[in-house]
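Just so it is clear, the structure is predicted and the values come from calculations on it, not from any experiment. Chain letters run A, B, ... following the sequence lines, proteins first and then strands; every chain starts at 1.
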Amino acid sequence: MNIFTEYGTKVAAVLGSLAADGTLPQGLDLSRVAVDPPRDASHGDLSTNAAMVLAKPAGMKPRDLAALIAERLNTEDEVLSTDIAGPGFINLRLDTMVWRRCLAEILAAGTAYGNSAIGAGERVNVEFVSANPTGPMHIGHARGAVFGDVLASLLVKAGYSVVRDYYVNDAGEQVNVLSRSAYLRYREALGEDIGEIPSGLYPGDYLRPVGKALAEKYGDSLLGKPESEWLPELRAFTIDAMMDMIRADLDAFGIRHDVFTSERALVEAGKVDAALKTLSDRGLIYEGVLEPPKGKTPDDWEPREQTLFRATDFGDEVDRALVKSDGSWTYFASDIACHLDKFQRGSKTLIDVWGADHGGYVRRMKAATTAISEGQAALDVKICQIVKLMDNGEPIKMSKRAGTFVTLRDLVDEVGPGVVRFIMLTRSNDAPLDFDLTKVTEQSRDNPVFYVQYAHARCHSVARMATETFPGITGSNANLSLLEDEVELSLLRLLAQWPRTVEAAANAHEPHRIAYYLHDVAAEFHGLWTKGKEQTDLRVILEDNQPLTAARLALVEGVRIVIASGLELMGVEPVKELR
RNA sequence: GCGCCCGUAGCUCAGUCGGAUAGAGCACCAGAUUCCUAAUCUGGGGGUCACAGGUUCGAAUCCUGUCGGGCGCACCA
């Protein structure tokens, strides 16, 4: 149970009773009423803004209304006292049993603590990674991959039914280029000296094994044939090989998608035609000529009649092209079909995770999603800013040509999937991120992964040590009422915020909040620990007091569970020991 | 030129659908270790929340404008 929503319900009940009395008008909008932890712990345990939010619609002074609400909240058994502060905050001081009750819930629930039902089983589609199947993934993909995966896990924990989707862009010109590159490697595998890879083709060595596999499959039967005879077959083969490689890389990173949607399959199944016909039937598609871009006109710009979607009807700046000059669909056209497909598979909430270079694409895709679903589906696009790869404070310059290109696989092999995952969530997606290969593996306080893992390991360590003094001792069945020191209670209050943190992060689609919360928990725990160094009666293991030792082990177990719950959510394995 | 994102301590960044005295790490200064892992902790200095207006009980947060930085800008994906 989430103590904050629990008291939110109690506050709402009080407001209901005041309305029933006629003290408050009927039908007040309570959506802005919140129950929060006060910023300053000296204000009490819980705080509500109810009186300030409702004063105006109720036609009362905030503090007068606060007094009425506080009076009724005061009759709750667990409420020790209420007071009214500042412009009309109602601060509640609770019986400390409330926090011990939370600890008992944590121990009973294990890492399922923090699970929430706010999603009510609603289906949400999260599309992420969606790297083009033309080569291995690089470090830039890592951030979006972690972000999308953890956001999906977060939504699951909050009670949503989530589909992890990967949209495979296997229909454009780029996959033809890929096929030609693979064909060259095929000739190479048959013994031909192909010399330098011509510019415009993919030069990477990763296509060599594909060439070899092609040589084994086809022998020399494709040599000397015109492109039209081998391209489609070879393209399918090469894309499969690239997707196998990408899937293997993702697997090593602990990421699994539920659905891989092929752009080509959508086109071939006629879904693009169908989607655009729907829009056309609603009068949202027309043949027209766009104005040249203002300010900076491309050199080769010339007026051209195109098939356009009325994106401006849905908040975009200009109408958008759907058909290329060669007659094939634009990427945008098939993307509309893709989003319609997600909607038809049952998701009204769609989330796309994109890189910073796609920022200019957001409006048109939102416009299209609104249009194609007739306003029933909502698309949220999360843009991940760039990752700057550093080494001990110095930027690493990456270049495909110079061979200093860092792939996702290299990164994961070098520092481990857990470290990469955690570091990627130490910033909001809106902020650029420095990823320092040296610092992220340092065992020091300025490495947040280590800092949190260390707290988790300490929890294990102390439980292990305790059994040497008291064989078989655990925190389960401990008398929790022995936990009464202020530092213990303050840690309990923080642990009780875990469900609320999960819900807030899920609502905001902001998985980085989990990382920050875990850092707070670790800091609070490290602080408590060190207090025990100086003040020996605050230690966990007290040789002359087995009951209190058991109670403190319960607290430590609570910390361990919450940290483990958070790390699990982030896809990071909690460690039991640090070496 | 237009759109989106960003601008918070010397540096890198958090900041709860607007809430009380704006926080953390790094760096700097002063301390804590016979004792559960000091790989940690405690304390200190450091702020015009880019700037100017507006909205309201209340603005770092919302709105408008200005300045600065990043990304993008007909048919690529």
Side-chain angles (χ1 to χ4, degrees), chain A residues 31-32 34 36-40 43 47 49 52-53 55-56 61-63 85-89 91 130 132 134 169 171-175 263 289-298 300-304 306-308 316-326 328 330-332 335 355-363 383 385-386 426-428 430-434 442-448 450-451 454-455 457-458 461-466 468-469 500-501 504-505 507-508 510 512-513 516 519-520 523 526-534 536 539-542 552 556 577-578:
Chain A
S31 62
R32 291 175 60 220
D36 297 309
R39 181 157 294 174
D40 188 334
H43 291 144
S47 169
N49 61 354
M52 290 180 292
V53 169
K56 191 170 236 181
K61 289 181 183 170
R63 291 187 68 109
F89 287 103
N91 294 324
S130 299
N132 292 332
T134 54
N169 300 129
E173 180 57 22
Q174 56 173 358
V175 286
E263 179 184 6
V289 179
L290 291 177
E291 296 286 310
K294 285 172 187 164
K296 188 183 160 191
T297 307
D300 59 346
W301 193 89
E302 55 185 27
R304 181 188 316 133
Q306 312 184 83
T307 304
L308 299 169
D316 202 356
E317 307 118 63
V318 290
D319 293 337
R320 302 293 182 175
L322 298 166
V323 182
K324 291 191 253 181
S325 44
D326 69 359
S328 62
T330 61
Y331 175 79
F332 180 50
D335 222 352
D357 55 343
H358 285 59
Y361 197 74
V362 174
R363 281 204 175 190
I383 297 288
Q385 291 299 319
I386 57 164
T426 53
R427 291 285 176 268
S428 150
D430 287 327
L433 174 81
D434 288 348
E442 265 174 20
Q443 299 199 334
S444 72
R445 199 193 153 138
D446 59 328
N447 178 356
F450 169 76
Y451 187 75
Y454 183 33
R458 266 186 163 167
S461 162
V462 73
R464 214 161 39 227
M465 294 299 294
E468 291 183 9
T469 309
R500 180 178 190 273
T501 304
N507 279 333
E510 290 184 353
H512 73 275
R513 293 191 193 189
Y516 279 90
H519 190 273
D520 286 348
H526 286 313
L528 176 69
W529 183 276
T530 307
K531 272 211 171 79
K533 292 271 179 201
E534 292 153 9
T536 52
R539 289 192 191 179
V540 176
I541 302 169
L542 301 165
R552 289 198 173 146
V556 169
E577 279 183 298
L578 289 165

Next item on the list: Identify whether any heavy atom of A:G527 sits under 4.0 Å from a base atom; if not, whether one sits that close to sugar-phosphate; answer base, sugar-phosphate or nothing.
Entry: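 A:G527: backbone/sugar contact only, no base atoms under 4.0 Å.
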Notebook entry, point to check: Heavy atoms under 4.0 Å, any strand shown: does A:V362 hit a base, just sugar-phosphate, or nothing?
Noted result: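 Contact class for A:V362: none.
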Check: Can you tell which of B:A77, B:A14, B:A38 lies closest to the side chain of A:K533?
Finding: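 When the side chain of A:K533 is considered, B:A38 is the closest of B:A77, B:A14, B:A38.
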Item checked: Nucleotide of B:U40, B:A20, B:A74 approaching A:A321 most closely (side-chain heavy atoms) ->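 Looking only at heavy atoms from C-beta outward on A:A321, the closest nucleotide is B:A74.
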Item checked: Inter-residue atom distance A:N169.CG - A:Q174.CD, 0.5 Å rounding -> 6.0 Å
Item checked: Reported CD-to-NZ distance for the pair A:E173 and A:K324, which is rounded to 0.5 angstrom -> 7.0 Å
hbond_proxy [X] side chain to [N] base (donor-acceptor, 3.5 Å cutoff):
| X | N | value |
| --- | --- | --- |
| A:R500 | B:U16 | yes |
| A:D357 | B:A77 | no |
| A:T330 | B:A77 | no |
| A:R304 | B:C75 | yes |

Taking OP1 and OP2 of [N], is either one under 4.0 Å from a side-chain nitrogen or oxygen of [X]?
| X | N | value |
| --- | --- | --- |
| A:R427 | B:C5 | no |
| A:Y331 | B:A74 | no |
| A:H512 | B:G15 | yes |
| A:R39 | B:A20 | yes |
| A:K324 | B:A77 | yes |
| A:R464 | B:C36 | no |

Checklist line | Nearest-nucleotide 5' precedence on RNA chain B, A:D434 against A:S461 | finding: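 The residue closer to the strand's 5' end, by nearest nucleotide, is A:D434.
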Next item on the list: Would you kindly compare A:Y454 and A:T426 by the position of their nearest RNA chain B nucleotide and give the one closer to the 5′ end?
Entry: A:T426
Quick one: look up who [N] pairs with, Watson-Crick or G-U, both distances under 3.5 Å, and put none if it's unpaired.
| N | result |
| --- | --- |
| B:C26 | B:G10 |
| B:C71 | B:G3 |
| B:U40 | B:A32 |
| B:G19 | B:C57 |
| B:G46 | none |

Check: Do we see A:F89 stacking on the base of B:A20, given a limit of 5.5 Å between centres and 30° between planes?
Finding: yes
Checklist line | Ring-base stacking, A:H43 with B:A20 (5.5 Å, 30° cut-offs) | finding: yes
Notebook entry, point to check: Do A:L542 and A:R552 have side chains that get closer than 4.5 Å, going by heavy atoms?
Noted result: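 Yes - at least one pair of side-chain heavy atoms lies under 4.5 Å apart.
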Checklist line | Electrostatic pair A:D36:A:R500 at N-O distance under 4.0 angstrom | finding: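 A salt bridge is present here (some side-chain N lies under 4.0 Å from a carboxylate O).
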Note to self: Does the plane of the ring in A:F450 sit parallel, tilted or perpendicular to the ring in A:Y454? Use 30° and 60° as the thresholds.
What the structure shows: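 Judged by the thresholds at 30° and 60°, the geometry between A:F450 and A:Y454 is parallel.
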